Amino acid sequence: MRRAAPAALAALLLAAAPAAADERIRAETRDRYANPDVTIDPGERVTFFNGDLIDDHGVTSTALGANGRPLFDSGIIGPGREAIVEGVQFLAPGRYAYLCTAHSFMTGTITVAGTGAPPPRPADSTPARVSVGVTTGNLATVLRTGRLPTRLVSDEAATVRLAATTRSSGRVVALGSATVTLAGGGTRVTSLRLPLASRRALSRRRAVGVSLTAQATDRAGNASAASTRRTLRR
């Protein structure tokens with residue numbers, strides 16, 4: 001984690017502006033929340049102030065929403081900084097656990113008390129951010145196993161269609177495809193099975209340029225895409 005000189009930050013922390021929301025969670029030196037448990041009414045906001053003189057911290061829900069992302073999150077912020085814990089204002093009455101993404105042993109709870117109804121969450125119009133990679137450069141291994149190992153990363157729940165192709169004699173040749181369902185954000189290591197015809201075509205080559213594409217659709221129906229290219233050699 002990024003470190004800062006305590007002496008240089010002391011004045012900043014003492015002069016910090018008052019919280020811009022109904023409740024404020026505060027981190028302090030070193031690596032702890034000064035008030036880990038806060039209670040709010042439905043619809044109220046919470047800010048997070050990093051009063052730790054040394055480390056970066058944040059507040060993020062341990063529970064995920066329908067899109068596979070945390071119900072609320074402040075992002076990781078540096079010493080002396082403050083941020084809205086976005087998403088808290090949409091929570092229904094109940095008790096919600098959170099932690100610091102940078103230091104998972106730092107935990108707390110936000111309790112929404114009362115009978116009022118929070119405002120509805122805005123419609124999700126942000127597509128999943130995805131990336132893909134071919135995790136081997138060894139053509140002999142791919143031919144022997146009949147599989148192309150891949151890695152898929154998404155920041156939210158999504159259904160992703162993976163497809164691998166190569167070019168031969170000026171035309172695009174399909175190598176393999178698969179559909180991967182991600183229940184939440186994270187990394188999935190998988191592989192594409194190569195049909196026998198594709199393996200035979202590749203067996204005559206010393207090097208193969210492989211293109212891998214990902215077509216993602218999140219739970220709200222937003223579409224996104226990613227692609228990469230890697231050369232496999234014997």
Side-chain angles (χ1 to χ4, degrees), residues 58 60-76 86-87 90 98-99 101-102 104 121-234:
T60 188
S61 169
T62 60
L64 303 180
N67 61 0
R69 293 174 176 166
L71 289 174
F72 54 85
D73 185 45
S74 68
I76 298 294
E86 187 59 46
F90 305 120
Y98 69 83
L99 52 75
T101 313
S104 59
R121 288 182 183 270
D124 179 8
S125 60
T126 303
R129 292 191 295 270
V130 296
S131 62
V132 289
V134 177
T135 59
T136 184
N138 191 314
L139 178 58
T141 299
V142 171
L143 293 174
R144 185 181 71 255
T145 62
R147 290 189 171 274
L148 180 70
T150 64
R151 181 180 62 252
L152 169 65
V153 181
S154 175
D155 71 337
E156 66 171 292
T159 299
V160 185
R161 178 69 173 175
L162 297 175
T165 60
T166 189
R167 297 190 69 86
S168 178
S169 301
R171 63 189 182 92
V172 176
V173 178
L175 294 178
S177 62
T179 299
V180 179
T181 300
L182 299 171
T187 301
R188 173 74 64 84
V189 176
T190 185
S191 63
L192 305 185
R193 186 178 67 84
L194 274 62
L196 183 58
S198 297
R199 295 168 65 182
R200 286 173 175 169
L202 297 183
S203 66
R204 298 188 293 271
R205 299 168 64 174
R206 302 296 300 177
V208 179
V210 175
S211 295
L212 179 65
T213 62
Q215 300 286 338
T217 304
D218 68 13
R219 290 178 177 173
N222 302 305
S224 57
S227 64
T228 190
R229 180 177 172 83
R230 183 162 186 179
T231 300
L232 310 183
R233 304 181 188 276
R234 291 186 185 273

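Keep in mind it's a predicted model, so treat the numbers as computed, not measured.
Residue pairs meeting the salt bridge (charged side-chain N to carboxylate O under 4.0 Å, His left out) criterion with at least one partner in residues 225-234, sequence neighbours excluded, are absent. Annotation: salt bridge (charged side-chain N to carboxylate O under 4.0 Å, His left out) contacts involving residues 148-176, sequence neighbours excluded, comprise R69-D155, R69-E156, R129-D155. Applying the salt bridge (charged side-chain N to carboxylate O under 4.0 Å, His left out) rule to pairs touching residues 202-228 yields nothing, sequence neighbours excluded.
Closest approach of P122 and F90 over heavy atoms only: CD-CZ, 3.5 Å. Taking each heavy atom of L64 and P70 in turn, the nearest pair found is CD2-N, 3.7 Å. A164 and L148 get closest at one heavy-atom pair: CB-CD2, 3.7 Å. Taking both residues in full, the closest heavy atoms of I76 and G58 are given as CD1-N, 3.9 Å, listed atom of the first, atom of the second, then distance. Closest approach of N138 to T136, counting heavy atoms only: N-OG1, 3.1 Å. S131 approaches A226 most closely through the heavy-atom pair CA-CB, 4.1 Å.
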Side-chain polar contacts of residues 182-197 - donor-acceptor pairs under 3.5 angstrom, sequence neighbours left out - could you list them?
residue	atom	partner	partner atom	Å
R188	NH2	T181	O	3.0
S191	OG	R147	NH1	3.4

Exercise. What do the steps show when you test V180 against L162 for side-chain contact (heavy atoms from CB on, under 4.5 Å), and what is the final call?
Worked result: CA-CA 8 Å; V180 179; L162 297 175; 4.0 Å; yes
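Side-chain atoms of T228 do not come within 3.5 Å of backbone N or O of G133 as any donor-acceptor pair.
Looking at heavy atoms from C-beta onward, T126 lies out of side-chain contact with N67 at the 4.5 angstrom threshold. T179 is listed as a side-chain neighbour of T159, based on a closest heavy-atom distance under 4.5 Å. Side-chain contact between T166 and L232 is absent, with no heavy atoms from C-beta onward closer than 4.5 Å. Residues L99 and T60 form a side-chain contact, since some pair of their non-hydrogen atoms from C-beta on lies under 4.5 Å apart. Two residues are said to be in side-chain contact when any heavy atoms from C-beta on lie closer than 4.5 Å; N222 and D124 meet this criterion.
Every residue two or more places apart in sequence or in another chain was checked for a side chain to side chain contact (heavy atoms under 4.5 Å, CB included) with T217, and none qualifies. The side chain to side chain contact (heavy atoms under 4.5 Å, CB included) test applied to L71 returns S61, A63, L91, Y96, R121, not counting sequence neighbours.
A side-chain contact (heavy atoms from CB on, under 4.5 Å) with L175 holds for exactly one of T165, L212, V210; it is V210.
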